[in-house]
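Data block below; observations after.
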Amino acid sequence: MKHRFSVRVYYEDTDAGGIVYYANYLKFMERARTEWLRELGYEQDRLMEQSVAFVVKRVEMNNHAPARFNQLLSIESQIVELKGASMTFRQEIKDLQDQCLVSADIKIACVDPTVMKPRKLPTTLLGDLSSGF
């Protein structure tokens, strides 16, 4: 299952040339993953109360073409690997013509934030994520 999330490029997202600064693509992807969880009924502040947090373990990102100020972008996310305590997302940022501007594989680990040690994903969340996997 692919999730889609739209984001507009604001001036603050760009460098002096009006091109999105590379680190901001990671912020856009983070927002997309957060909104996906929200649409599944999981708020990250509520998960934190249950000693569940997510940390980025690995990022492999490829920049194919620049995004520019005021563009409307679509972030497509899908889970390509789901394990007991981690998941790997494949995310693509596309323009309105469906051209892939940035692609990334991002491995997310589930941790207990009080001790910053790995922990299993909650069973209900694991089930909800695996239903579209």
Side-chain angles (χ1 to χ4, degrees):
M1 165 174 71
K2 282 189 183 179
H3 177 266
R4 286 184 177 78
F5 175 73
S6 295
V7 66
R8 173 84 54 191
V9 175
Y10 294 117
Y11 185 73
E12 67 190 26
D13 300 319
T14 64
D15 61 16
I19 293 172
V20 172
Y21 181 66
Y22 77 95
N24 289 331
Y25 294 119
L26 294 171
K27 292 179 183 181
F28 297 160
M29 290 183 227
E30 176 78 28
R31 291 178 200 162
R33 293 190 307 272
T34 297
E35 291 303 323
W36 189 358
L37 280 175
R38 182 171 282 129
E39 287 176 23
L40 288 173
Y42 298 93
E43 296 287 346
Q44 290 196 54
D45 54 349
R46 300 276 190 237
L47 289 170
M48 291 276 286
E49 291 169 0
Q50 301 167 32
S51 296
V52 175
F54 301 106
V55 296
V56 174
K57 183 171 171 81
R58 182 181 49 80
V59 173
E60 183 178 328
M61 186 170 86
N62 294 296
N63 297 308
H64 307 288
R68 300 178 187 279
F69 171 64
N70 209 29
Q71 269 189 296
L72 183 61
L73 305 174
S74 174
I75 296 98
E76 293 181 359
S77 307
Q78 70 182 73
I79 296 173
V80 294
E81 183 178 59
L82 185 60
K83 295 184 175 179
S86 69
M87 54 192 140
T88 301
F89 286 85
R90 178 154 301 131
Q91 293 184 275
E92 293 183 338
I93 298 177
K94 296 182 176 185
D95 63 16
L96 290 178
Q97 291 71 43
D98 208 37
Q99 176 188 8
C100 181
L101 307 177
V102 178
S103 59
D105 287 342
I106 302 175
K107 185 171 187 172
I108 305 295
C110 184
V111 298
D112 179 334
T114 59
V115 293
M116 292 309 288
K117 300 269 184 188
R119 63 155 293 165
K120 290 193 178 282
L121 288 157
T123 307
T124 54
L125 176 57
L126 188 60
D128 288 341
L129 291 172
S130 63
S131 66
F133 178 58

Walk me through it: do R38 and E35 pass the test salt bridge (Lys or Arg N to Asp or Glu O under 4.0 Å)? CA-CA 5 Å; R38 182 171 282 129; E35 291 303 323; 2.5 Å; yes
Check the pair I93, M29 against side-chain contact (heavy atoms from CB on, under 4.5 Å), reporting the backbone distance first and the verdict last. CA-CA 8 Å; I93 298 177; M29 290 183 227; 3.8 Å; yes
Shortest non-hydrogen contact from [X] toward [Y]:
{"X": "F69", "Y": "V9", "answer": "CA-CG1, 3.7 Å"}
{"X": "V52", "Y": "P122", "answer": "CG2-CG, 3.8 Å"}
{"X": "C100", "Y": "H64", "answer": "O-CB, 3.5 Å"}

What is the ring orientation for H3 with W36, classed by angle as parallel under 30°, tilted 30 to 60°, or perpendicular over 60°? parallel
Does some side-chain heavy atom of L37 sit less than 4.5 Å from a side-chain heavy atom of F54?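 Heavy-atom side-chain distance check passes, below 4.5 Å.
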In the single-linkage hydrophobic clustering (I, L, V, M, F, W, Y; side-chain heavy atoms under 4.5 Å), do [X] and [Y] co-cluster?
{"X": "V102", "Y": "F28", "result": "yes"}
{"X": "I75", "Y": "V56", "result": "yes"}
{"X": "L125", "Y": "V111", "result": "no"}
{"X": "M1", "Y": "M87", "result": "yes"}
{"X": "L82", "Y": "V55", "result": "no"}

Atom pair [atom1]/[atom2] of [X] and [Y] - distance to nearest 0.5 Å:
{"X": "D13", "Y": "R68", "atom1": "CG", "atom2": "CZ", "result": "14.5 Å"}
{"X": "D95", "Y": "S74", "atom1": "CG", "atom2": "OG", "result": "9.5 Å"}
{"X": "R90", "Y": "D105", "atom1": "CZ", "atom2": "CG", "result": "4.0 Å"}
{"X": "T34", "Y": "E43", "atom1": "OG1", "atom2": "CD", "result": "9.5 Å"}
{"X": "R4", "Y": "E92", "atom1": "CZ", "atom2": "CD", "result": "10.0 Å"}
{"X": "L121", "Y": "D128", "atom1": "CG", "atom2": "CG", "result": "11.5 Å"}

One pair to check against side-chain contact (heavy atoms from CB on, under 4.5 Å): L129 and L40. What are the steps and the verdict? CA-CA 8 Å; L129 291 172; L40 288 173; 3.7 Å; yes
Would you confirm whether [X], through its side chain, and [Y], through its main-chain N or O, come within 3.5 Å as a donor-acceptor pair?
{"X": "R119", "Y": "S51", "value": "yes"}
{"X": "R8", "Y": "N70", "value": "yes"}
{"X": "Y25", "Y": "A67", "value": "yes"}

Could you check D15 against Y22 for side-chain contact (heavy atoms from CB on, under 4.5 Å), going step by step and ending with a plain yes or no? CA-CA 9 Å; D15 61 16; Y22 77 95; over 6 Å; no
Ionic contact status for E49 with R46, cut-off 4.0 Å: yes
Out of K2, R33, Q78, E76, which residue meets the side-chain hydrogen bond (donor to acceptor under 3.5 Å, both in side chains) rule with Q91? R33
